[in-house]
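Notes for the one structure printed next.
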Amino acid sequence: MPLTLDLVLRRIETVAAPLTVTSATPDGPLRHTWGEIALASRRLVTALGTLGIAADVPVATLAHNSHRHLELFYGVPCSGRVLHTLNARVPAAQLIGQLERCADGAIFIDASLTEMLAEHRDRLPPVVVVMDDGAPVAAPFAGAPRYAELVAGAEPARELGPMSEGQALCICHTSGTTGAARAVVYSHRSVVLHALGALGVDSHGVSRGSVVLPLTPMFHLMAWGSPTRRRSRPRALCSPAPTPRPTRSRR
């Protein structure tokens, strides 16, 4: 069986549908079920087609960790296109160079990061979509389509792909600490195998009873693959602190 990301998406829609995803927002925690994430991802597949983005074309993201970014992690590759995550911690000029080299057909950007690329608006991909995260939108992006409206207005895609396990799923760039940043391409097969490996007892040991808090940004190394491990139970984000054990005083 070809190891493509739609295998994970279909499992989300069945086994994991009632489990929860929690996003931190300025107004407090925002919770969705994995079933809702999967449905939005399928709507995104349709929306990408209506935006006129050709198949196999990279779609860039400049975003923090959120449910919107998670939907892009599934919707873009499962549409047959390539996800390109931009590192929000590098200078804007470098990001523009990466966008131009990868020939991205679109960019999805958090409102809080629009100011970062405001002066480079004319050099961005032809399609720019803003994801509202509670922050003001820089003036050059005021008329850009909004992510929530775009997804809500699209029908869920019944058919996904086409995909092959050797096909590019995501492009990440190194942080350039030892030289110029370089593009690293992940295939569908490598991402699915990494997700399966992370579930092992002698690896991360993530089970359905686990709650995962990804501290690694989703734009950096795909957050070490945590978005595709999708195991969480609808319970408190943090467990209560253990009861201190009594200690004996030394004389």
Side-chain angles (χ1 to χ4, degrees), residues 21 23-28 30 32 36-37 40-77 79 81-155 170-173 175-176 181 183 217-220 222-223 227:
V21 174
S23 298
T25 74
D27 298 323
L30 182 61
H32 296 82
E36 291 171 333
I37 296 294
S41 298
R42 284 188 176 269
R43 291 183 183 277
L44 182 59
V45 170
T46 300
L48 291 171
T50 61
L51 289 173
I53 305 170
D56 300 328
V57 170
V59 174
T61 64
L62 182 60
H64 299 296
N65 293 10
S66 70
H67 67 281
R68 295 175 293 271
H69 209 176
L70 185 60
E71 292 160 6
L72 285 159
F73 263 58
Y74 283 96
V76 173
S79 73
R81 297 171 178 85
V82 185
L83 183 71
H84 177 200
T85 58
L86 295 172
N87 191 331
R89 295 172 179 169
V90 304
Q94 290 187 25
L95 298 183
I96 294 300
Q98 293 171 13
L99 286 166
E100 293 176 343
R101 286 192 296 273
C102 292
D104 294 274
I107 180 171
F108 288 72
I109 180 171
D110 276 349
S112 57
L113 296 172
T114 53
E115 188 63 40
M116 182 178 181
L117 296 181
E119 63 177 295
H120 303 284
R121 179 64 179 84
D122 294 339
R123 297 178 62 185
L124 294 180
V127 176
V128 178
V129 178
V130 173
M131 298 185 286
D132 290 310
D133 58 2
V137 179
F141 299 92
R146 295 303 191 264
Y147 179 83
E149 297 173 1
L150 181 69
V151 172
E155 290 293 326
C170 181
I171 302 171
C172 294
H173 279 78
S175 54
M218 294 173 71
F219 55 71
H220 181 64
M222 297 186 71

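Everything quoted here is computed from the prediction, not taken from an experiment.
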*To the nearest 0.5 angstrom, please state how far the CD1 atom of Ile37 sits from the CG atom of Leu44.*
11.5 Å
*Determine the minimum heavy-atom distance between Pro77 and Leu83, stating which atoms define it.*
CG-CB, 4.3 Å
*Measure the spacing between CG of Leu113 and CZ of Phe141 and express it to the nearest 0.5 Å.*
10.0 Å
*To the nearest 0.5 Å, tell me how far Arg68 CZ sits from Phe108 CZ.*
12.5 Å
*What distance do Asp133 atom CG and Ser66 atom OG have between them, rounded to the nearest 0.5 Å?*
8.0 Å
*Distance, nearest 0.5 Å, that separates CG of Asn87 from CD of Gln98*: 8.0 Å
_Determine whether Thr61 and Phe219 satisfy the following criterion, side chain to side chain contact (heavy atoms under 4.5 Å, CB included), listing intermediate values before the conclusion._
CA-CA 8 Å; Thr61 64; Phe219 55 71; 5.7 Å; no
*Distance-minimising heavy-atom pair for Ala103 and Val57*: O-CG1, 4.0 Å
*Compare every heavy atom of Ala135 with every heavy atom of Ala111, then report the nearest pair and how far apart it is.*
CB-O, 3.6 Å
*Between His173 and His84, how do the two ring planes meet: parallel, tilted or perpendicular, split at 30° and 60°?*
tilted
_Main chain of Leu99, side chain of Arg101: is a donor-acceptor contact present, judged purely on distance under 3.5 Å?_
no
*Heavy-atom check, side chain of Val137 versus side chain of Arg146, under 4.5 Å*: yes
*List the steps and the verdict of side chain to side chain contact (heavy atoms under 4.5 Å, CB included) for Asp110 and His69.*
CA-CA 9 Å; Asp110 276 349; His69 209 176; over 6 Å; no
*Backbone N or O of Ala138 within a donor-acceptor pair of the Thr114 side chain at under 3.5 Å?*
yes
*What's the verdict on side chain to side chain contact (heavy atoms under 4.5 Å, CB included) for Leu95 and His120, showing C-alpha distance, side-chain angles and the deciding distance?*
CA-CA 10 Å; Leu95 298 183; His120 303 284; over 6 Å; no
_Quick check on side-chain contact (heavy atoms from CB on, under 4.5 Å): which of Leu117, Val129, Val127 does Ile107 satisfy it with?_
Leu117
*asked:* Walk me through whether Arg121 and Val128 qualify under side chain to side chain contact (heavy atoms under 4.5 Å, CB included).
replied: CA-CA 9 Å; Arg121 179 64 179 84; Val128 178; 3.7 Å; yes
*Closest heavy-atom contact between Pro58 and Cys102?*
CG-O, 3.4 Å
*Rounded to the nearest 0.5 Å, how far does CG of Asp104 lie from CG of Leu124?*
10.0 Å
_Within 6.0 Å of CD in Gln94, more than 12 heavy atoms from elsewhere_ = yes
_Using the side chain to side chain donor-acceptor pair (under 3.5 Å) criterion, which residues pair with Ser41? Sequence neighbours excluded._
none
*Is a side-chain N or O of Arg81 found less than 3.5 angstrom from the main chain of Ile53, in a donor-acceptor match?*
yes
*Could you tell me whether the side chain of Ser23 and the main chain of His67 form a donor-acceptor pair under 3.5 Å?*
yes
*Of all the heavy-atom pairs spanning Leu72 and Met131, show the shortest one and how long it is.*
CD1-SD, 3.7 Å
*If we only count heavy atoms from C-beta on, is the Val21 to Glu36 side-chain gap below 4.5 Å?*
no
_For Glu100, all residues meeting side chain to side chain donor-acceptor pair (under 3.5 Å), sequence neighbours excluded_ = Arg123
*Taking all non-hydrogen atoms of both residues, which atom of Pro125 and which atom of Gly105 are closest, and how far apart?*
CB-C, 3.8 Å
